[in-house]
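Taking it in order: structure first as structure tokens, then the write-up.
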Protein chains: 2
Amino acid sequence: MADKHPYHHGDLRRALMDGALALVRERGLQSLSLREVASQAGVSAAAPYHHFADKAALVRALGFEALGELDRRMAFAETSAPGDPVERLVAIGSAYVRFALERPDLAALMRAPEMAEPAAAQDQPEHGESWERLVRAVVECQQAGAVAPGDPMTLAIGMWALVQGLAELLASRGADGIPGDPSAFAESVLRVMVPRATHTAPPAPIL
Amino acid sequence: MADKHPYHHGDLRRALMDGALALVRERGLQSLSLREVASQAGVSAAAPYHHFADKAALVRALGFEALGELDRRMAFAETSAPGDPVERLVAIGSAYVRFALERPDLAALMRAPEMAEPAAAQDQPEHGESWERLVRAVVECQQAGAVAPGDPMTLAIGMWALVQGLAELLASRGADGIPGDPSAFAESVLRVMVPRATHTAPPAPIL
DNA sequence: CTGCTAAGTTATCGGTGTCAAGATAGTCGC
DNA sequence: GCGACTATCTTGACACCGATAACTTAGCAG
């Protein structure tokens with residue numbers, strides 16, 4: 001309905017989002033100003049309110065778009081890392097970290113406080129299957145006997161938290177003091193932290 | 001020098017920090033206003049600038065105080081969890097998550113964007129030994145043969161990221177859909193994710 | 001052509017961070 | 001005790017921000 005006939009501006013909503021994203025990219029989410037976004041798009045300061053209820057709504061729209069891009073990257077990582085399921089799990093997680101390192105602006109939008117507000121549940125477009133993909137990868141690892149058995153939800157939450165913490169640590173906080181390529185380092189951390197299945201049957205049989 | 005003789009107000013700096021913390025606690029870091037902090041302390045809007053260069057400086061001071069409290073809790077967890085080094089490591093990590101769940105205000109201050117700015121390196125008071133403590137716990141686990149060998153830094157960063165991600169996931173994001181006590185759940189996740197040493201000597205010796 | 005509604009405008013409000021200049025109150029040297 | 005000095009706080013202002021109300025314009029349906 002709103003995306004068909006460009007009345008005055010020609011899809012202003014899109015222009016606002018693009019401009020806002022550019023501003024976040026170059027000066028950070030912290031100093032994003034709705035007025036500046038508007039004036040950069042060549043419209044008055046009140047115009048955005050015909051497309052977004054709030055400044056928060058704009059940020060949420062961008063955040064969900066960022067989540068979509070993340071989902072796309074993780075999907076690509078899943079399909080292009082065949083064979084060993086553990087390698088696939090690592091690849092999925094690594095894609096997350098790489099995304100946060102390459103696009104800290106999008107990563108910041110994903111974890112913007114506006115995304116945690118209850119209003120965020122309303123305008124969520126497609127519910128994104130990132131979570132299902134991660135659980136699937138964990139289950140496949142377990143079926144292959146490569147990862148410790150147990151509730152896959154627990155493991156998946158652990159992996160998700162690990163990857164998210166790694167991303168924030170390396171992107172937002174400084175990636176100083178670690179050697180070489182941060183993304184390669186993150187991958188090695190991931191590889192170590194995957195909860196591998198213990199190869200012995202009982203723990204230390206007294207022989 | 002500034003903490004000795006209360007000139008007019010009687011340690012206004014402290015009053016501002018306490019008031020600001022109270023405001024963050026009840027309405028969130030997002031809507032913290034320097035003016036409101038000042039007027040709540042019974043002082044004009046410009047008064048805080050004699051004690052903090054910026055609003056960001058106030059937030060950083062609070063953030064470092066929160067880091068100190070976290071450090072205190074992790075230190076307590078370390079000393080009061082003797083015996084099994086893995087249990088100690090889990091206890092330290094669990095203390096982090098519990099802290100973030102109990103005091104989301106302090107957790108938010110710790111990861112405030114102002115803490116990542118380069119200016120944060122200046123006014124850091126005591127450099128906090130949380131990191132050293134974590135590395136120590138990891139090394140002890142390795143010496144006991146309970147945790148996979150390898151660079152302890154890598155493992156410690158993994159644990160730190162895991163615990164940080166877990167805290168953010170459970171605190172900022174909703175802790176919905178997980179069963180029972182969130183902190184107990186986090187502890188179980190931690191326990192699963194600790195990179196245990198494989199109990200076999202070589203990986204599958206062809207016998 | 002006549003409504004009707006979406007889209008954009010101007011004007012304004014209350015609020016915010018920050019600074020400059022002045023007033024005030026303690027401390028120190030004499 | 002007294003003047004100089006400096007730290008502290010106030011007033012007043014500036015520029016900006018998010019948000020709303022009232023008005024104008026543009027495109028479409030009948």
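Protein chains get the first letters and strands the later ones, always in sequence-line order, with residue 1 at the start of each. Worth knowing before you read on, the calculation uses all heavy atoms, side chains too, and leaves out hydrogens, waters and symmetry mates.
- To the nearest 0.5 Å, atoms CG (A/Leu62) and CZ (A/Phe52) are separated by 7.0 Å.
- Of the candidates D/dT10, C/dG8, C/dA11, C/dG8 carries the atom nearest the A/His50 side chain, counting heavy atoms from C-beta on.
- A/Phe52 places its CZ atom 12 Å from the P atom of C/dG8, with the value rounded to the nearest Å.
- To the nearest 0.5 Å, atoms OG (A/Ser183) and CD (A/Glu102) are separated by 8.0 Å.
- When each of A/Asp54 and B/Ala45 is assigned the nucleotide of DNA chain D bearing its nearest heavy atom, the one mapping closer to the 5' terminus is B/Ala45.
- Of the side-chain N and O atoms in A/His51, one or more sit less than 4.0 angstrom from OP1 or OP2 of C/dG8.
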Can you list the steps and then say if B/Glu187 with B/Arg98 is a salt bridge (Lys or Arg N to Asp or Glu O under 4.0 Å)? CA-CA 9 Å; B/Glu187 193 171 317; B/Arg98 247 179 295 120; 5.2 Å; no
Tell me, with the steps shown, if B/Arg136 and B/Glu132 meet salt bridge (Lys or Arg N to Asp or Glu O under 4.0 Å). CA-CA 6 Å; B/Arg136 195 189 320 145; B/Glu132 287 87 340; over 6 Å; no
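- Under a 4.0 Å N-O distance rule, the pair B/Glu36/B/Arg27 qualifies as a salt bridge.
- Candidate nucleotides D/dC9, C/dC19, C/dT10 were compared by shortest atom distance to the side chain of B/Tyr49, and C/dC19 ranks first.
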Tabulate atom names and distances for all N/O pairs under 3.5 angstrom spanning the protein and nucleotides 14-17 of chain D.
from, atom 1, to, atom 2, distance (Å)
D/dC17, OP1, A/Ser33, OG, 3.1
D/dC17, O5', A/Ser33, OG, 3.4

Could you go through the salt bridge (Lys or Arg N to Asp or Glu O under 4.0 Å) check for A/Arg60 and A/Glu114 one step at a time? CA-CA 6 Å; A/Arg60 278 195 299 265; A/Glu114 288 87 347; over 6 Å; no
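- Put simply, CG on B/Asp11 is 15 Å from P on C/dG26, counting in whole angstrom units.
- Rounding to whole angstrom units, CG of residue B/Leu58 and P of C/dT18 are separated by 10 Å.
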